[in-house]
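What follows is a set of notes on a single structure, which appears directly below.
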There are 2 protein chains.
Amino acid sequence: MGRGKIEIKRIDNLTNRQVTYSKRRAGIVKKAKELTVLCDTQVSLIMISSSGKIHEYISPSCTHKNLYDKYQQVSGNNIWKPHYERMQDNLQKLKEINNKLHKEIRQRNGEDLDELNFQQLCGLEQNMEKSVDCVRNRKFHVISSQTDIYKKKVKNHQVTYNSLLRGFEERDANCQYASPDFEGDYQSTIEFATENPHIFAFGLQPQL
Amino acid sequence: MGRGKIEIKRIDNLTNRQVTYSKRRAGIVKKAKELTVLCDTQVSLIMISSSGKIHEYISPSCTHKNLYDKYQQVSGNNIWKPHYERMQDNLQKLKEINNKLHKEIRQRNGEDLDELNFQQLCGLEQNMEKSVDCVRNRKFHVISSQTDIYKKKVKNHQVTYNSLLRGFEERDANCQYASPDFEGDYQSTIEFATENPHIFAFGLQPQL
DNA sequence: CACACTATATATAAAAA
DNA sequence: TTTTTTATATATAGTGT
C-alpha cells in the first residue's frame, strides 16, 4: 500500500491518522459508489472518526433508514418493531373502542337500532328514561339555583336603590319614586334564559 | 483494476456482475476493517444486492443502531421521528376523541351534567326524549314482527298437526283430539319474551 | 491543513482450472 | 459454480510544497 508494507494497527500519530483517515475515507466511498453502479447494489456507509466527525455514503434514491430497516428485517432483531407493533396495536384497539362508543351513542340517539333485540331495546328504553329524569332534575336544579342568585342580586339592588332613595328623600323632599316589584320567580328566570339563547352554546361533541 | 481500464457502469452480464460483486464486496469490507483499526473509526456498512441479499460490516463493540443514532443526532434529520411522531399524534387524537365520546355517553346517561348550562340541558333533554321515542317505536316494530313470525309458525304447526290428526282419524276412528287455540297476540308474545330473558343478552358496550 | 508526487502494496477483471 | 492465476489498474503511505 505504499512505500513498504504496512501492518494494520492503529496509527498512533494523530496527524498521520487524520491524513490516512481522509485518504482512506475517500477511497472507501469511491469503492462504495463503484459497487453501487457496477453491481446495482444499495450501499449505506457511515463512518464516525475518533474525534466524533461523521461521514457517510448512501446510494442514490434510497435512505439510510431504508437500508437499515431491510437489514433489521433480515437479521431478525428489529429494535423498533416491538415499539411499532405495540403502537399499532394500541391504535387499533382505540379505533375499535371508538367504533363501539360511536355505536352506543347512535343507539342512544335512536339510530342504528336494527341489531338490538326486544330485550335489549327494553333495557335501552328504561335506561334512557332514567337518564332523561336525571337530566330533567339537573335542569331544575340549575334553573332554581340560577333563580336564587338572581333573587339575591335583585334584593341587593333593591336595598341599594332604597337606601339611595332615602338619601334623596332626605336631601330633597320634592320627589317620590315608586320602587318597582323585582320579585323574581322560576318562570320569569326561565323566560330570561330562553329569550337569551346567545349566552349559551349548546353542542354535543363532534364525532371526528 | 485488471486487464484493461474498466469504466464504471452497470455490468450487464448477471454472472459477471455477481462475481464482481463478491470480489468488490470482500474488498470494501476489508477496507472498512482497515479503516476501523488504522484510524480508530466506527464504521457501519450495509450492502443490499439487486437480488436482495444483504451483507454488512460493523466495527467491533458497536451496533448499526448505535451508529445510525449518532448519525441522526449530528445530521439532525431523525429518520424515525416522522414515523413515530405521526403515530403518537394519531394515538393522542384518538384518545381525545375517546374522552369526548365517553363524556357524551355519560351525559346521555344522566351523569357528569355539572358543566352543562340550562340551555344545553334543555337541548339534551329534548334530544333524549326524541331518542327514547325512536327506541320505543323500534321496540314495537320488533315485537310486532316477532309476533307475526310466531303466528305464522304456530299456524304452520297447527296445519301439520291437523293433517296428522286427519291421518290418525283415517287410520283409527276410535279417538278424537281437540286442537288447542294457538292464536298468538301481541301481549302473549311480549310475555313470552320477558319471561325468558335468558335468550337475550343485553349489555351496553364496555368502556375500555 | 490541503494538495501533488511516487514507490509499492492491493484490488480486481479476465482467464483458466 | 467457486477458486486460482495473472496482468494491470488503483489505492495509498510517506514525503515534499
Side-chain angles (χ1 to χ4, degrees), chain A residues 1-62 64 67-68 70-71 74-76, chain B residues 1-62 64 67 70-71 73-76:
Chain A
M1 280 186 182
R3 294 163 181 271
K5 176 169 179 171
I6 73 151
E7 61 176 326
I8 303 298
K9 59 176 284 189
R10 191 187 129 105
I11 299 167
D12 289 324
N13 179 283
L14 174 64
T15 307
N16 281 348
R17 194 165 67 231
Q18 285 176 335
V19 171
T20 295
Y21 180 54
S22 285
K23 287 181 175 179
R24 278 175 172 269
R25 182 157 42 77
I28 203 172
V29 166
K30 190 181 172 204
K31 292 281 182 198
K33 281 180 184 169
E34 290 176 352
L35 198 64
T36 297
V37 175
L38 282 170
C39 306
D40 208 11
T41 305
Q42 295 179 312
V43 181
S44 157
L45 173 65
I46 295 178
M47 293 162 288
I48 306 184
S49 70
S50 50
S51 67
K53 256 173 283 195
I54 293 184
H55 295 87
E56 45 139 357
Y57 169 76
I58 179 68
S59 298
S61 72
C62 58
H64 287 298
L67 291 210
Y68 185 59
K70 281 188 191 168
Y71 160 70
V74 170
S75 74
Chain B
M1 279 188 182
R3 294 164 182 271
K5 177 170 181 172
I6 73 150
E7 63 176 323
I8 302 299
K9 58 177 284 188
R10 192 187 128 104
I11 297 169
D12 288 322
N13 181 282
L14 175 63
T15 308
N16 281 348
R17 192 164 69 232
Q18 285 176 335
V19 171
T20 296
Y21 180 56
S22 289
K23 289 181 174 177
R24 279 176 173 268
R25 182 157 42 77
I28 202 173
V29 167
K30 189 179 173 206
K31 293 280 182 200
K33 281 179 184 170
E34 290 175 354
L35 198 64
T36 297
V37 176
L38 283 170
C39 306
D40 207 11
T41 305
Q42 295 178 312
V43 181
S44 155
L45 173 66
I46 296 177
M47 294 163 287
I48 305 184
S49 71
S50 50
S51 66
K53 256 172 283 196
I54 294 183
H55 296 88
E56 45 135 0
Y57 169 75
I58 179 68
S59 299
S61 71
C62 58
H64 288 295
L67 292 209
K70 279 190 191 166
Y71 163 69
Q73 252 177 345
V74 171
S75 71

Go through it in stages, so that I can follow the logic: the residues are A:Arg24 and B:Thr41, the test is side chain to side chain contact (heavy atoms under 4.5 Å, CB included), and I'd like the CA-CA distance, side-chain angles, deciding distance and then a yes or no.
CA-CA 11 Å; A:Arg24 278 175 172 269; B:Thr41 305; over 6 Å; no
Regarding the side chain of B:Arg24, the nearest nucleotide among D:dT10, C:dA13, D:dT12 is C:dA13
Which nucleotide wins on minimum distance to the side chain of B:Lys31, given the candidates D:dT1, D:dT10, C:dA11?
C:dA11
Specify the separation, in whole Å, of atom [atom1] of [X] and atom [atom2] of [N].
X       : N      : atom1 : atom2 : answer
B:Ile28 : D:dA11 : CD1   : C1'   : 13 Å
B:Glu34 : D:dA13 : CD    : C1'   : 12 Å
B:Lys30 : D:dA11 : NZ    : P     : 14 Å
A:Lys9  : D:dA13 : NZ    : C1'   : 16 Å
A:Arg10 : D:dA13 : CZ    : C1'   : 18 Å
A:Arg17 : D:dA13 : CZ    : P     : 14 Å
A:Arg25 : D:dA13 : CZ    : C1'   : 17 Å
B:Leu38 : D:dA11 : CG    : P     : 17 Å

Considering just the side-chain nitrogens and oxygens of B:Gln18, establish if one lies under 4.0 Å of OP1 or OP2 belonging to D:dT1.
yes
Sorted by first residue and then second, give each salt bridge (charged side-chain N to carboxylate O under 4.0 Å, His left out) pair with at least one member in residues 43-58 of chain B; sequence neighbours left out.
none
Check side-chain contact (heavy atoms from CB on, under 4.5 Å) between A:Thr36 and all other residues, then give those that pass, not counting sequence neighbours.
A:Val43, A:Tyr57, A:Ser59, A:Pro60
A:Asn13: partners by side-chain contact (heavy atoms from CB on, under 4.5 Å), with sequence neighbours left out:
A:Thr15, A:Asn16
Select base, sugar-phosphate, or nothing to describe what A:Glu7 touches, counting heavy atoms under 4.0 Å on all strands.
nothing
Minimum side-chain heavy-atom gap B:Ile11-B:Val19 below 4.5 Å
no
Collect all protein-nucleotide pairs involving nucleotides 14-17 of chain C in which both atoms are nitrogen or oxygen and the distance is under 3.5 Å.
| residue | atom | partner | partner atom | Å |
| --- | --- | --- | --- | --- |
| C:dA14 | N6 | B:Lys23 | NZ | 2.8 |

From B:Cys39 SG over to A:Lys23 NZ, what is the distance, rounded to the nearest 0.5 angstrom?
11.5 Å
With B:Ser44 via side chain to side chain donor-acceptor pair (under 3.5 Å) - residues at least two apart
B:His64
Side chain to side chain contact (heavy atoms under 4.5 Å, CB included) between B:Val29 and B:Lys33: does it pass, once the steps are laid out?
CA-CA 6 Å; B:Val29 167; B:Lys33 281 179 184 170; 4.0 Å; yes
A correct dot-bracket answer for DNA chain D, with pairs being Watson-Crick or G-U at under 3.5 Å, [ ] for crossing pairs and | for inter-strand pairs, is .||||||||||||||||
For B:Glu7 and A:Leu38, work out which heavy atoms get closest and say how close.
O-CD2, 4.1 Å
